Every structure is written in structure tokens, then in C-alpha cells.
Amino acid sequence: MSPAPRIAVIVTTVGRPRLLDRLLLSLAGQTLPPARVVVVDRGRRPGTAAVVEHRSDRLAVHHVTAPGGTSAGRNAGLVALGVLEASAVERPSAIGTLDAMLGAPAPRPPAERTARELVAAGPARGMVALAEPDGFDVVLFPGDHTWYPPDALERGARALEAGADVVSGRMVGGGGARPPLGERPARIDDRNVWTLAPAESCFFRASFLRTAGGFDEGLGAGCDTPWQSGATADLLLRGLRAGSVLNHAPDIRVFEHDPDAPPAGTPEHGARARHAARGAGRVHRRHYGGYACARAIARPLGAAALAFLRRRRPEAALHLHRSVGHLEGLTGALLPAPPPPAPPASQG
């Protein structure tokens, strides 16, 4: 009988201890519990360290402080676990940085360093001695707004044993924020990767992450470029191009509820969609041909026109934000936009 796979969990949080505690409790109650949990604290708000200490009697859990975006936090966790070398971390390209200058983001303070810089500078708080001699086989990236039913990790590990490099489960909940997609098993490709494989639902082989090089820190929520989403799709598309096998298994469920998400139909909801669409457009520019890129602009634009004719103004505005955001990501030229709302727990 083969030994059970060693599972590592990397959680990025923006300082929401009550939600984090719900997730850690669900991990402690797994039929196949994780061998290691790393909590990457992006928010530096009080409460996170206390929750980690409180749950350390039931979990091998460690607290890492890594300022920056979601992608930088996930990479910091991978480096801390020994899954990735710091030199393998995906950084923004020079072209992407030049394009991003049009968005005039605030400069990153010197104290906010990437995973690569943290390791190059020497041991940092929570960044050493996490990797076991035998390493880890499977890695998960839940957000602090998600949690698992008791058999989720066992089901995910079993699905990977069937030969996939990445398996995504089905997101459940969200108050209707996420469309009810992915109810049937499917092979993930470049057409459905956006809907079937959010990072929070995915089970990654550690070997896949080593080969792909981790998350691009120039994409995703909280990064220092205008491209505030798309890091997970970019990672999976790189894997697809390299011949990796990605499957969707709807019998694996991941629950989600973010009480801080702006309600649908509000200006804040539209603003978040606009900034997320910029990242999606940037990923389309990297990975897709002209037809798919044109479709990314035209499809939400058509939906906006239809909603406007039906006098559904908030819905029309939402689709228009998505169309314009895709255009901005594709061209690198940023148009006036509402400021982004408070950064979500994870979006990438």
C-alpha cells in the first residue's frame, strides 16, 4: 500500500481572523489532514498570529508575514516550504512594467519585498525550516474566505492519483457571486480554465508548480501593477502549453463566503470587475490569438448593450466594465476608472 500523499496548504489572508479560524478548523477536521499549513499574512492586522497559535495544537501551522499581493504571498509560501527556489519565481516582465506605468500605481515601499528578495536577504520571520526531508506532494491555495468539507483533501489527493497534474473542485456558496458552473467532470483547457479552475478550488502536484515556476507576481489581487487578477489562469495556461493534464472533479467541494465582497449591482462591484478584467486582458494578450482576444472585448460589450436595452442599468455597467477592462489589459493603455475597492482575500 502506497503511503498517503503529503499535503501542504498555503493560505493568504488580509487579516480576517474569524474567517481564517473557520478555514483552519476545516483543515484540522480532514480525513486526510495536511502535513503543513502556512498562513501568509498580507494585512499585518491584529488577530492572525493569535488564531495561528490557537490552532497549532491541532495543525502543523506556521505564520509568515509577506507584504505584497496574493501571488507574492503564495510564492513566499512555496519558497518557505521548499517547493520552489526563489530564483524560479515569476516576476513582472519589463514590457509589462512599462505598460503598467500608464496606471500610475503607488511605488512599492522598500520594506515590501518579493519572495525572491526575502530569501536573498536571508532568513526572515516564518521563512525558514518549514520543508520536511521528504518534501510535499500536493499543494493547495485556499483564501481566508473558503473552507472544506471533511473529505475534500482525501478526494483531491485521490483524483490526482488518476494521473492529473492539477485537479479543480467545485466552488459552493458565495451568495450567488460565482456562476453555478462545473457540475460535470471535464478536462480543463484554455477555453474553460477561467470558469472551472479558480485557485481556491485547485489541488496542485508540487512537481507541476516546480516546473511552471509559481505565480507571476505582476498579476493578481494586491500586486503593484494594474493587472489585479489572472495569476492562476496564467499559471495553468503555462502548464497546458507544456503538456500538463488538468481535470475538473465536481465531487470535490470547496465552500466560499466573503462577507466583505461588494454586493452585486453596486458601484464597488463594478469597480472590482473592472480591475479584475484588466488582469484577464493581460493574460489573453500573453496566451491567446487575435480571435479570442477580440471575443473577450466583444462578448461583454454585446451583453452590456442587451442589458441596456432591457433597462438593466447596473448589469449593463458591469458588462461594460469587463469589456473595457479586457481592452485595457490587451493594449496596456489605461482609461479613467473608479478606484479599486479594498483588496479581496484572493483574486487570481
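As the structure is a prediction and not an experimental result, all values here were calculated from the model.
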Would Arg282 count as a cation-pi partner of Trp227, with NZ or CZ less than 6.0 Å from the six-membered ring centre and within 45° of the ring normal?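 Pair Arg282/Trp227 counts as cation-pi.
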For Val40, which of Thr13, Thr70, Ile10 qualifies under side-chain contact (heavy atoms from CB on, under 4.5 Å)?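 Of the listed options, the one satisfying the test is Ile10.
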Could you list all the ring pair (Phe, Tyr, Trp, His ring centres under 6.0 Å) pairs where at least one residue sits in residues 293-339, not counting sequence neighbours?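 Sorted pair list comes back empty.
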Using modelled atom types and a 3.5 Å cut-off, is there a donor and acceptor pairing between side-chain atoms of [X] and backbone atoms of [Y]?
X	Y	result
Arg285	Leu330	yes
Gln228	Cys223	yes
Arg42	Gly68	yes
Thr146	Glu256	no
Ser168	Leu196	yes
Arg241	His287	yes
Ser26	Trp147	no
Arg238	Ala212	yes
Asp234	Val283	no

Any donor-acceptor pair under 3.5 Å linking the side-chain atoms of Glu154 with those of Thr31?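 Yes, a side-chain donor-acceptor pair sits under 3.5 Å.
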Look at the side-chain heavy atoms of Ile, Leu, Val, Met, Phe, Trp and Tyr, link any pair under 4.5 Å apart, and say whether [X] and [Y] land in one connected group.
X	Y	result
Met171	Leu27	yes
Phe141	Leu237	yes
Leu23	Leu59	yes
Leu25	Leu153	no
Val61	Tyr148	yes

Give the C-alpha distance, both sets of side-chain angles, the deciding distance and a yes or no for side chain to side chain contact (heavy atoms under 4.5 Å, CB included) between Glu183 and Arg170. CA-CA 7 Å; Glu183 297 180 356; Arg170 181 162 60 97; 4.2 Å; yes
Could you check Leu219 against Ser229 for side chain to side chain contact (heavy atoms under 4.5 Å, CB included), going step by step and ending with a plain yes or no? CA-CA 6 Å; Leu219 296 167; Ser229 74; over 6 Å; no
Using the rule given for side chain to side chain contact (heavy atoms under 4.5 Å, CB included), can you reason through Leu78 versus Val139, listing the C-alpha separation, both sets of side-chain angles and the distance that settles it, and then say yes or no? CA-CA 9 Å; Leu78 289 170; Val139 183; 4.0 Å; yes
Ion pair present between [X] and [Y], side-chain N to carboxylate O less than 4.0 angstrom?
X	Y	answer
Asp258	Arg16	yes
Glu328	Arg274	yes
Arg158	Asp251	no

Checking [X] now: which residues fulfil side chain to side chain donor-acceptor pair (under 3.5 Å) with it, not counting sequence neighbours?
X	value
Thr211	none
Asp151	Arg155
Asp189	Arg191
Arg253	none

Derivation of the side chain to side chain contact (heavy atoms under 4.5 Å, CB included) call for Asp21 and Arg55: CA-CA 8 Å; Asp21 192 51; Arg55 296 304 172 193; 2.6 Å; yes
Minimum side-chain heavy-atom gap [X]-[Y] below 4.5 Å:
X	Y	result
Leu318	His269	yes
Thr232	Pro198	no
Val79	Leu81	no
Ile7	Phe136	no
Glu85	Arg210	no
Phe208	Leu235	yes

Considering residues, nucleotides and ligands other than Arg299, do more than 12 of their heavy atoms fall under 6.0 Å from its CZ?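 It does not: Arg299 CZ has 12 such atoms or fewer within range.
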Ring pair (Phe, Tyr, Trp, His ring centres under 6.0 Å) against His284, all qualifying residues, sequence neighbours excluded: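 Ring pair (Phe, Tyr, Trp, His ring centres under 6.0 Å) list for His284, sorted by chain: Trp194, Tyr288.
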Rounded to the nearest 0.5 Å, how far apart are CD of Glu53 and OG1 of Thr48?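 Those atoms lie 13.0 Å apart.
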